[in-house]
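Everything on this sheet refers to the single structure shown next.
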Amino acid sequence: MRTVILNPDKNGIEEAAKLLKKGGVVAIPTETVYGLAADALNKEAVKNIFRAKGRPSDNPLIIHTYSLEAAKALVKRIPDKAKKLADKFWPGPLTMIMEKSDMVPKETSAGLDSIAIRVPACQTALDLMRSSELFLAAPSANISGKPSPTSAEHVINDMYGKVDGILKGEDCKVGIESTIISLLDDKVTLLRPGRITVEQLQEEVGAVIIDKAVEFKPDSTEKVLSPGMKYKHYSPDAKVILVKADKDKYINFVNSLKNGDEKVLSLCYEEEKEHINVNKLILGKSNDYEQMSKNLFAMLRKADDLKASTVYVHSPLAKGVGLALYNRLIRAAGFEVIDLEE
Ligand code: TXA
Ligand code: MG
């Protein structure tokens, strides 16, 4: 299939809008990760997203729009807590799940009665949605199961020839996907952590329940609140193993690994790099969660470029934005952890 590459200027945005109005699929930049967008109210267009990504059809999509006001048409009602959070965090990396209106086709919500909505903080995406007057359903623009794309180059690698267009933009400022909360029972439940932290949410609305699947492997017999949580995810071709340890223990551990026919790679912190004797990539300074978020998916992709067979990642602490990094890494690792902490 022919894929047009578009610049994020007036012409490019007009072209992207035309393709989307015809039911096409166009990859677009957002502040979190690139998204694979189509008209959220057009079933056939939405099916094309699932096809391009190879995504299971029971995994619902997020609908993107430009304001809380515009979002009203998509839901039965906007809970007060959602209004408060939208005032504070939209446009921004927060997705809220509410009861869906009949306007939204079941293909978009994967048969659920709820719908996930977000207003992205990215001028190109906002301009596109305003000028096209479309609601855009968009999952991350990676091949299903792979690390999310945080640059136009990542999208071109994954999606060229599979979609109608790719709207090029800057590298994503946040680098990890949005924080997802459910507001279905008037409680606030965190389903996926992101740059907006539990602490920030609590400051606005009080209690936040953290769904078990955020940190722990879902039990195959349990109902998973967010269908995406049951899949192995964010994984490069290389095997990922998460190592929980303090600095010295992590360094000793990776240095003791034999670099025989196995191509071992350490994904470590800036402060550790000079002490590590195996191949390494740097996630960022150990206390700079924003930088680490920005680097994470690019580093997992780089591990494949380097043809690594196993990546030993120094696990971040599962606190604040670290919870989001931990959530992505534990899935990339298929829940395989080496715990060197007492
Ligand atoms: O930052 C982001 O959220 C990016 C950008 C493009 O906006 N999008 C993104 O979409 O990460 P995706 O499809 O890769 O992840 C959305 C997650 C999936 O795990 C899906 O199962 C969950 O949201 N989800 C969507 N609708 C839901 C619903 N109604 N109830 C529960 N989970 C839902
Ligand atoms: Mg995704």
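Remember, it's 1-based here, ligands and their atoms both numbered in the order they're listed. This chain uses plain numbering: 1 for the first residue, then up along the sequence.
When atom types are taken as modelled, the side chain of Asn7 and the backbone of Gly12 share no donor-acceptor pair closer than 3.5 angstrom.
Protein heavy atom closest to atom 19 (O) of ligand 1, with residue, atom name and distance, is Gly228 CA, 3.2 Å. The closest protein non-hydrogen atom to atom 15 (O) of ligand 1 is Arg192 NH1, 3.1 Å. If you check which protein heavy atom lies closest to atom 6 (C) of ligand 1, you get Gly35 CA, 3.6 Å. Nearest non-hydrogen protein atom to atom 23 (O) of ligand 1 is Ile180 CD1, 3.2 Å. Atom 22 (C) of ligand 1 has as its closest protein heavy atom Ser226 OG, 3.3 Å. Counting only heavy atoms of the protein, atom 20 (C) of ligand 1 lies nearest to Asn59 OD1, 3.2 Å.
Ring pair His314/Tyr269 is tilted by interplanar angle, where 30° to 60° counts as tilted.
In terms of N/O distances under 3.5 Å, ligand 1 is not approached by Thr30.
A side-chain N or O of Ser148 and one of Glu177 form a donor-acceptor pair less than 3.5 Å apart. A donor and an acceptor atom, one from each side chain of Arg192 and Thr95, are nowhere located under 3.5 Å apart. Side chains of Tyr289 and Lys319: no donor on one and acceptor on the other come within 3.5 Å.
The contact set between ligand 1 and His64, taken as ligand atoms under 4.0 Å from a residue heavy atom, comprises 5 (C), 6 (C), 7 (O). Ligand-side atoms of ligand 1 in range of Ser178: 1 (O), 2 (C), 3 (O), range being under 4.0 angstrom from any heavy atom. For ligand 1 and Ser114, the ligand atoms under 4.0 Å from any heavy atom of the residue are 28 (C), 29 (N), 30 (N).
Residue contacts to the Mg ion (ligand 2): Ser140 brings an N, O or S atom closer than 2.8 Å.
At a threshold of 4.5 Å between non-hydrogen side-chain atoms, the residues Leu265 and Lys263 do not count as touching. Considering only heavy atoms from C-beta on, Cys268 stays 4.5 Å or farther from Val254 through its side chain.
If you check each of Val33, Ile117, Asp211 against atom 4 (C) of ligand 1, the one with the closest non-hydrogen atom is Val33.
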